[in-house]
Structures are given as structure tokens and as C-alpha cells.
Amino acid sequence: MKLSIAHLGPAGTYAEAAATAYAEYLVKTTPESLKSSLCPYPSIAQTLWAVAKGEVHLGVVPVENSIEGSVSMTLDTLWQIDTLNIQQALVLPISHALISLASRQEDIQVVYSHPQALAQCQEWLNQNLPQVRQIATNSTTEALQHLDTERTACAIASERAASLYQLPIIAHPINDYPDNCTRFWVVSLQPSPGGNYTSLAFSVPENKPGVLVKPLQLFAERGINMSRIESRPTKRLLGDYLFFIDLEANACEESVKSALTELAAYTKQLKIFGSYSIIDR
Ligand SMILES: O=C(O)C(=O)Cc1ccccc1
């Protein structure tokens with residue numbers, strides 16, 4: 001049997017690199033050396049919906065960057081879909097290159113990339129291409145196939161992407177912080193396998209002082225460490241938020257189970273995305 005893995009495309013994205021790393025991990029760690037095929041999708045939302053609709057077995061999506069923080073599209077879509085479970089987390093180093101067919105850097109008028117990549121190179125762009133218009137794309141590789149007809153444009157993507165599209169690298173690395181890395185989640189409709197991290201999200205019953213105190217206290221009083229908390233607007237009312245939390249704990253542990261049971265009483269909607277482990281590369 002071959003597994004299909006959805007990721008943000010077209011070919012050469014960081015999400016594809018993460019999906020490839022996960023595919024290699026499956027070959028190494030499954031008794032039957034499970035093989036996979038990669039399936040690119042035009043956006044992060046479409047990647048996640050493809051998994052939810054059963055078009056593919058698994059999906060790999062970026063969730064958090066060490067410089068720019070959470071990838072809102074991933075969090076918002078996961079909340080919306082409701083049926084996906086996290087199987088694994090992967091952390092990948094991210095090193096950006098400036099790619100262009102322009103003969104001289106002075107000729108460049110626009111730079112295309114995923115908003116996270118543009119943000120991760122903000123200082124470099126301010127210093128080196130201050131007059132250049134920045135245009136956000138769905139992925140770092142979306143604009144690469146058009147660069148041969150747009151000689152005054154450049155794109156920010158990986159060195160691997162440049163070689164895949166046979167395009168020249170003008171500068172590398174251009175990310176403002178050298179230790180730039182991104183965490184990806186592997187999701188599917190299967191139950192989570194368990195592991196030392198648990199991710200969940202909830203909405204609160206009313207917007208009043210202290211609504212977050214009780215939920216957070218449940219974890220604190222059991223000695224459960226929270227490794228991330230992120231708020232996202234519910235999109236219904238201004239000032240109304242969802243809270244996304246990562247715990248350094250396994251939902252199979254009794255203390256975590258009881259915290260999650262009690263948490264349901266203090267939240268309006270509670271979604272547990274699962275317990276999983278991290279592959280660090
Ligand atoms: O566009 C890509 O290549 C992605 O996979 C999204 C992304 C963008 C920037 C850093 C990490 C992931």
C-alpha cells in the first residue's frame with residue numbers, strides 16, 4: 001500500500017520538504033517500509049480540506065515559525081474542519097534565497113513570496129531592496145514558474161526550489177535570523193498515536209474578566225507545562241477569541257485526562273487535536 005501525502009505546492013515548497021522528511025521517516029520506522037506519494041495543493045486550506053474529504057491519507061502543514069509565530073491559515077482551518085488529528089510534528093530549518101533572472105539587482109521591481117517568508121526577510125529587504133514592491137503569494141514557489149517572463153521580478157524560496165526550477169540565486173541566506181525554523185504538523189482522519197505533546201483549542205462562554213484563569217489553572221495545578229498559547233479571532237464578533245494551546249504532556253496520562261475533562265466545563269467549544277511526538281531534523 002502507498003500513502004498519499006498532501007502539502008502546499010507547487011513543487012519545491014518548505015511544506016513539500018517537510019512532507020518528504022515525513023515520507024522518509026515512514027519508510028525507516030514502519031515494519032513494512034511504507035511508501036508514500038506527494039500531492040501538491042494550491043493553498044494550506046485546500047491541503048487540509050483534501051485530508052478531511054478523504055482525497056489523501058495525510059497532510060503536512062506549517063503551524064509555527066520561530067521568528068514569525070503561528071500560521072493563522074493552519075489554525076483557522078483546523079478549527080473549522082473539526083475532524084483532523086495530529087499524527088506527528090516535524091521541525092525544519094528554514095533558509096531563504098533570493099531567486100531571479102534579472103541581470104542586475106538594481107533592475108528588480110517586485111518580490112514575490114509567502115507572507116511568512118517576506119516577513120522573515122523584512123530587514124534584509126529593507127536594507128537591500130528598499131524600493132521593491134512586496135507581493136504575497138500562496139506559497140514560496142507559486143511565482144517561480146513565471147520568473148522567466150518577468151525579468152524585473154524576484155522571489156524568496158529555498159535553494160532547493162531554485163535548483164528544481166533551474167533559476168539563479170542572487171543572494172543566500174537572506175533570512176534576518178540564522179536560526180529560522182518552522183514546525184509542521186502531519187494530520188489525518190486517524191486517531192492520534194499519542195506522544196509527549198498535546199494540542200487543543202477552545203472558545204470561552206463569555207467575554208468577561210478572568211475567563212482564561214480557570215482553564216490555565218487546570219494545567220498549572222497538575223504541573224502540566226504549556227509550550228504555546230495563541231489567540232485567534234472567532235471572526236464572529238470583534239474582541240471574541242479562540243485559544244490554541246500546546247501542552248508538553250500526553251493526553252493518555254491520568255492528570256491530563258482529568259484536566260481535559262474539567263476543561264470542557266469552562267469552555268464553550270473544546271477541540272482536542274491529539275497527542276503526538278516531534279521529529280527534530
Ligand atoms: O510556501 C512555502 O514554501 C511553505 O511551505 C510555507 C512556508 C513559508 C515560509 C516558511 C515556512 C513555510
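In listed order, ligands and their atoms are each counted from 1. All heavy atoms count here, side chains included; hydrogens, waters and symmetry mates do not.
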Checking [Y] against [X]: is there a side-chain donor and acceptor pair closer than 3.5 Å?
X    : Y    : answer
T198 : S275 : yes
T152 : D107 : no
S70  : R232 : no
H57  : S188 : no
Q120 : N65  : yes

Could you tell me whether ligand 1 has any atom less than 4.0 Å away from a heavy atom of N65?
-> no
How close does the nearest protein non-hydrogen atom get to [atom], and which residue and atom is it?
atom                    : result
atom 12 (C) of ligand 1 : Y14 CB, 4.0 Å
atom 11 (C) of ligand 1 : T182 OG1, 3.6 Å
atom 5 (O) of ligand 1  : A15 N, 2.8 Å
atom 8 (C) of ligand 1  : H114 ND1, 3.7 Å
atom 2 (C) of ligand 1  : T140 OG1, 3.3 Å
atom 4 (C) of ligand 1  : L8 CD2, 3.7 Å

Under 4.0 Å from any heavy atom of S139, which atoms of ligand 1 are there?
-> 1 (O)
Can you tell which of L84, N85, L78, V60 makes a side chain to side chain contact (heavy atoms under 4.5 Å, CB included) with W185?
->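 Among the candidates, only L78 passes.
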Within the structure, does N138 bring an N/O atom to less than 3.5 angstrom of an N/O atom in ligand 1?
-> no
Can you tell me how far the CZ atom of F243 sits from the OG1 atom of T234, to the nearest 0.5 Å?
->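 Taking CZ in F243 and OG1 in T234, the distance rounds to 10.0 Å.
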